Undergrad: 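One structure coming up, written as structure tokens, with questions to follow.
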Amino acid sequence: MLTEGQIDEYRTSGYVVVPGEASADDLGRIRAEVARLYACDHPGRVLETDGVTVRGIHGCHLESEVFARLVRMPALLGAAEAVLGSKVYVHQSKVNAKRALHGDAWPWHQDYIFWEREDGLPEPRLTNVVLFLDEATDFNGPLLFLPGSHRLGTVPAQRRSDPGAATPGGDGDGWRAHLAADLDYALPLERLVELVGRFGMRAATGPAGSLLLFDPRLVHGSGSNMSPFDRQLAIVSYNSVDNLAGEHRGQRPEFLSATETTPLSVWDGGL
Ligand code: SIN
Ligand code: MN
């Protein structure tokens, strides 16, 4: 369970890192499952621009029993319920691989702009719960945050790709620009100069097994992985059950925008 101090830090900075939340056994099981998913051909599997290295696996809890249990484990689900103050469901789940030497950058962005504009979620009542599957260091492309920037709300940013292309079933190409190194809704340079001057920049580093929670309005990004070690993250984006998409719900594939919104209950039976 998160302490009051950790919840305060989340509210003030827009994120908090909590070390030691997953056991070595659980990490081993998840890493083995991730290796299996990397090898499965699935529309939610996205490659780096080299066309070979896996960049991310999307919709893990829909594809894998291990992930279906992981998203309901008390440490993750309890943390999401605590910061959102309601029952929740998984809007998105993914593994960002950031492989040794080949893992590419994520430009500066906010998450909620995607969930509002593409998926029609009315309020930023979501949270990202991230499990570090490897140690995140200064050198393997850790998440970088502008602490406190979540309080700005949505910062204007441009969608560069064709809006008609994000089709159900994953065969249209548009949604790929929501996952690629040349990202839709990336923040422009002039705006970043101003925001970094105001909020500063911090890297979210820590040992494997740490949990990181971050607000969907927090400005974040990450550099490429220059180290010979992977930086794999499992990221579960929980939405409050009081924040369902209405008539403006988008058309993105299920693995990016869940239509299954039944409130989750805790699974305490191990992975
Ligand atoms: C994200 O923005 O969702 C993840 C970025 C990263 O994996 O570094
Ligand atoms: Mn993001």
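Computed from a predicted model, the values in this text were never measured in an experiment. Remember, it's 1-based here, ligands and their atoms both numbered in the order they're listed.
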Undergrad: Would you call the rings of H109 and W106 parallel, tilted or perpendicular, where under 30° means parallel and over 60° means perpendicular?
TA: tilted
Undergrad: Which atoms form the tightest heavy-atom contact between F67 and A234, and what is the distance?
TA: CE2-CB, 4.1 Å
Undergrad: Name the orientation class of the two ring planes belonging to H91 and W115 (parallel below 30°, tilted from 30 to 60°, perpendicular beyond 60°).
TA: perpendicular
Undergrad: About how large, to 10 degrees, is the angle OD1 of D111, then the Mn ion (ligand 2), then NE2 of H220?
TA: 100°
Undergrad: Report the relative orientation of the aromatic rings in F255 and W175; use parallel for angles under 30°, tilted for 30 to 60°, perpendicular for over 60°.
TA: perpendicular
Undergrad: Would you please say whether a donor-acceptor pair under 3.5 Å links the side chains of R249 and T259?
TA: no
Undergrad: Consider side chain to side chain donor-acceptor pair (under 3.5 Å). Of Y238, Y10, Y15, which one does T127 pass it with?
TA: Y10
Undergrad: At less than 4.0 angstrom from any atom of ligand 1, which residues have a non-hydrogen atom? List them by chain and residue number.
TA: K94, N96, W106, H109, L143, H220, S222, R231
